[in-house]
There are 2 protein chains.
Amino acid sequence: MKKANITIKDIAKELGVSPSTVSRALKDHPDISQETKKQINDLAQKLNYQPNTVALSLRQSKTNTLGVIIPEIAHFFFSAVISGIEDIAHDAGYHVIITQSNESFEREVMNTKALFNSRVDGILMSVSRETENYDHLQSLLDYEIPLVFFDRIIDSLNACKVIVNDEQGAYEATTHLIEQGCYRIAHLAGPQNLAISKNRLNGYKAALADNRYMIDENLVKVCGLGTFEEAESITNEILDYRFPPDAIFANNDVAAYGAMIAIRKKKLRIPEDIAIVGFSNWRFSSLIQPALSSVTQPGFKMGQEATRLLMKQINKEKDEESITETISLKTNLVVRESSKKI
Amino acid sequence: MKKANITIKDIAKELGVSPSTVSRALKDHPDISQETKKQINDLAQKLNYQPNTVALSLRQSKTNTLGVIIPEIAHFFFSAVISGIEDIAHDAGYHVIITQSNESFEREVMNTKALFNSRVDGILMSVSRETENYDHLQSLLDYEIPLVFFDRIIDSLNACKVIVNDEQGAYEATTHLIEQGCYRIAHLAGPQNLAISKNRLNGYKAALADNRYMIDENLVKVCGLGTFEEAESITNEILDYRFPPDAIFANNDVAAYGAMIAIRKKKLRIPEDIAIVGFSNWRFSSLIQPALSSVTQPGFKMGQEATRLLMKQINKEKDEESITETISLKTNLVVRESSKKI
DNA sequence: TTGAAAGCGCTAACAA
DNA sequence: TTGTTAGCGCTTTCAA
């Protein structure tokens with residue numbers, strides 16, 4: 001036999017009081033006498049009364065729910081972000097609805113609309129690769145739905161943003177190699193139409209410059225395809241130089257992996273002959289590749305920070321100027337013991 | 001200036017009709033004349049009317065929302081499951097609320113209650129490691145909330161379950177090694193108090209038996225700690241046997257990794273000297289460890305199947321007997337080209 | 001073909 | 001200290 005959901009009315013009827021009295025008693029309103037309070041709370045407990053949050057949401061025009069739109073859930077970086085979001089949201093008493101666009105613009109728009117219709121109190125999002133029209137996002141802003149972008153942000157929109165400081169990460173990685181005593185550091189760069197790739201290249205160059213290293217354009221190779229085979233063959237090419245590099249800074253983990261393969265095939269040692277540092281989001285990269293140090297993006301932290309920004313917006317008084325803030329997070333340089341040259 | 005949310009009333013007033021007419025027109029009710037329908041729909045479009053799903057949920061006692069409780073979001077297996085859940089839920093017009101227990105019993109109970117209060121139409125869950133008391137879950141069943149367990153199930157509860165057929169996976173993995181011509185296959189087993197470890201051991205033994213291989217208990221080693229260092233040292237020990245194995249079936253990816261390290265240190269070749277197959281959920285394991293074949297758990301599919309079961313329950317008539325079904329999914333054997341001996 | 005009214009469960013202004 | 005009433009936005013029965 002199915003247990004019935006108990007409502008405030010049920011309690012009120014049972015005790016011969018009005019629903020409002022019950023409502024007030026349950027939230028410890030000072031106007032209610034201790035005696036009735038006790039009576040009501042006892043009965044509520046006994047009947048296992050559970051407040052209906054849907055009714056509350058309608059009444060208060062507040063759902064205590066956040067919406068998340070990401071390109072892909074089953075990606076370590078994004079799932080780390082979700083985890084960070086859930087972490088902060090949970091502490092603030094909020095629920096989290098997850099939707100994924102699967103990199104499809106159409107689906108992103110659908111999700112945006114669906115979350116709007118669900119009257120979520122705020123939205124966190126990372127746009128799909130296809131997204132070039134921002135009407136659906138501008139629309140959220142028009143209705144003043146608190147909105148925070150993370151990672152894949154839209155620069156031109158007037159909203160809060162949380163990103164990773166790629167340039168600083170690349171700078172640190174390169175500096176680390178320099179500190180290890182490397183003197184010819186190559187860079188396997190990413191496609192230069194992506195901001196992240198450009199920023200990483202810039203960080204690499206800045207570190208070299210700050211250490212009075214010459215920048216040798218022959219050591220900077222763009223891996224346009226993004227496959228590890230490509231990185232492997234490019235690394236091969238570099239290794240055959242008359243003055244080959246003694247270190248490689250890779251734009252991402254796939255490139256780092258390709259470089260590693262090429263180096264191993266040449267029977268060179270990592271890191272004694274050639275050190276590698278790469279950007280990476282692989283969960284177990286430190287476990288799998290003890291030879292490689294890596295620069296990791298703080299996904300969990302990004303989720304946390306983005307949610308904190310969102311909560312700030314949600315809790316703002318309506319008439320205050322909406323503040324748009326951009327947070328730039330530091331990357332983490334994970335140095336493996338075994339990758340130190342010294 | 002903030003755009004206001006348009007309600008049915010607004011449209012009704014503007015057109016001088018009643019809210020009920022608007023409601024009917026918007027859902028293409030046959031009673032409404034084509035003319036008024038057009039008028040209403042046009043205005044709705046113009047004002048960008050978006051139905052308030054919260055009100056709908058209250059009215060219909062149906063939220064079109066599913067709740068998910070998992071131990072950890074940022075784990076590849078679980079995020080793959082979530083992705084599968086979202087996939088099916090989205091197609092069915094449902095939202096997905098994610099909560100994580102962080103392996104804490106207390107938090108799992110909180111989440112269960114919170115989802116109940118949110119009146120989700122069904123719950124998908126994988127219990128935390130700490131969970132030994134099932135009152136909160138039984139309570140869901142008492143209220144006849146559709147409930148499906150996946151992966152970490154509770155056997156004694158009368159609900160739908162989706163699990164992975166570990167025994168069959170282990171059987172396949174071992175058979176694969178046999179087919180590759182291996183004749184002494186060791187097994188790095190997991191702690192035998194866990195059902196999955198036991199099942200995998202059973203599958204291993206069954207495959208040996210079916211191929212008329214002798215079962216040598218010296219080749220079965222339990223890795224109780226679950227660290228790769230442990231697996232490395234145990235593998236070392238095995239390799240020093242007078243008749244060492246020519247293949248290893250590892251209970252999980254950490255053990256497989258430890259074995260790999262040990263083998264490499266002994267300058268043995270994988271797979272020519274020793275082949276390895278292990279259970280694994282690492283996303284890029286096939287990319288990182290081209291030498292190793294693996295048995296992977298179908299997380300995405302598990303999410304899909306679990307959600308399908310849940311939808312079936314949700315759409316059942318109340319008076320039908322609630323059916324409890326258990327689905328056992330096949331694992332995938334991912335064979336790397338380079339891991340074939342032949 | 002349309003409108004009036006009630007109600008989903010809850011809260012809060014106002015009245016007693 | 002407690003009750004009455006109205007209403008959040010929507011649907012649906014019943015009446016016109």
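Letters A, B, ... mirror the listed sequences (proteins, then strands); counts begin at 1.
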In whole Å, what is the span from the [atom1] atom of [X] to the [atom2] atom of [N]?
| X | N | atom1 | atom2 | value |
| --- | --- | --- | --- | --- |
| B:I32 | D:dT12 | CD1 | P | 13 Å |
| A:L56 | D:dC8 | CG | C1' | 11 Å |
| B:N117 | C:dG9 | CG | P | 14 Å |
| B:F116 | C:dG9 | CZ | P | 12 Å |

Would you check, one step at a time, whether the test ring-ring contact (aromatic ring centres under 6.0 Å, His included) holds for A:F116 with A:H136?
-> CA-CA 10 Å; A:F116 178 86; A:H136 57 304; over 10 Å; no

Side-chain touch B:T63/A:V54, heavy atoms, less than 4.5 angstrom |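 Heavy-atom side-chain distance check passes, below 4.5 Å.
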
Just to confirm, is there a sub-4.0 Å distance from OP1 or OP2 of [N] to any side-chain nitrogen or oxygen of [X]?
| X | N | value |
| --- | --- | --- |
| A:S57 | D:dC8 | no |
| B:K27 | D:dC10 | no |
| A:K9 | C:dC8 | yes |

Under 6.0 Å between ring centres, would you say that holds for B:F76 and A:H75?
-> no

Would you please name every residue forming a salt bridge (Lys or Arg N to Asp or Glu O under 4.0 Å) with A:D142, sequence neighbours left out?
->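 Salt bridge (Lys or Arg N to Asp or Glu O under 4.0 Å) list for A:D142, sorted by chain: empty.
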
Test salt bridge (Lys or Arg N to Asp or Glu O under 4.0 Å) applied to A:D87 - qualifying residues, sequence neighbours left out =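 So A:D87 forms no salt bridge (Lys or Arg N to Asp or Glu O under 4.0 Å) with any residue.
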
Of B:D31 and B:A55, the one whose closest DNA chain C nucleotide lies more 5' |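 Of the two residues, B:D31 wins.
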
For DNA chain C, find the residues of residues 36-51 of chain B with a heavy-atom distance under 4.0 Å and give them by number; none if there aren't any.
->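 Those residues are B:T36.
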
Under 4.0 angstrom, heavy atoms only, what part of the nucleic acid is B:S23 near: base, sugar-phosphate, or nothing?
->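 Answer is base: heavy atoms of B:S23 come under 4.0 Å of a base.
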
Across the strands shown, which category fits A:L58 at heavy-atom distances under 4.0 angstrom: base, sugar-phosphate, nothing?
->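 A:L58: base contact, heavy atoms under 4.0 Å.
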
Would a distance-only check, ignoring hydrogens and angles, find a side-chain to backbone donor-acceptor pair under 3.5 Å from A:T131 to A:V127?
->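 Checked: no pair found.
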
Modelled atom types, side-chain donor and acceptor of B:S101 and B:S104, under 3.5 Å =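 Note: B:S101 and B:S104 side chains miss the donor-acceptor criterion.
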
Keeping to residues at least two apart or across chains, list the salt bridge (charged side-chain N to carboxylate O under 4.0 Å, His left out) pairs with something in residues 9-23 of chain B.
->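 Output for this query is empty, none listed.
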
Nearest-neighbour nucleotide for the [X] side chain, [options] considered:
| X | options | answer |
| --- | --- | --- |
| B:I8 | C:dG9, D:dC10, D:dT1 | D:dC10 |
| A:V17 | D:dG3, C:dT2, D:dC10 | D:dG3 |
| B:N52 | C:dT1, D:dT2, D:dG9 | D:dG9 |

Would you list the protein and nucleotides 4-6 of chain D atom pairs, both N or O, that sit under 3.5 Å from each other?
{"residue": "D:dT4", "atom": "O4", "partner": "A:S20", "partner atom": "OG", "Å": "3.2"}

B:Q100: partners by side chain to side chain donor-acceptor pair (under 3.5 Å), with sequence neighbours left out =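 Per chain and number, B:Q100 pairs via side chain to side chain donor-acceptor pair (under 3.5 Å) with A:S83, A:E86.
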
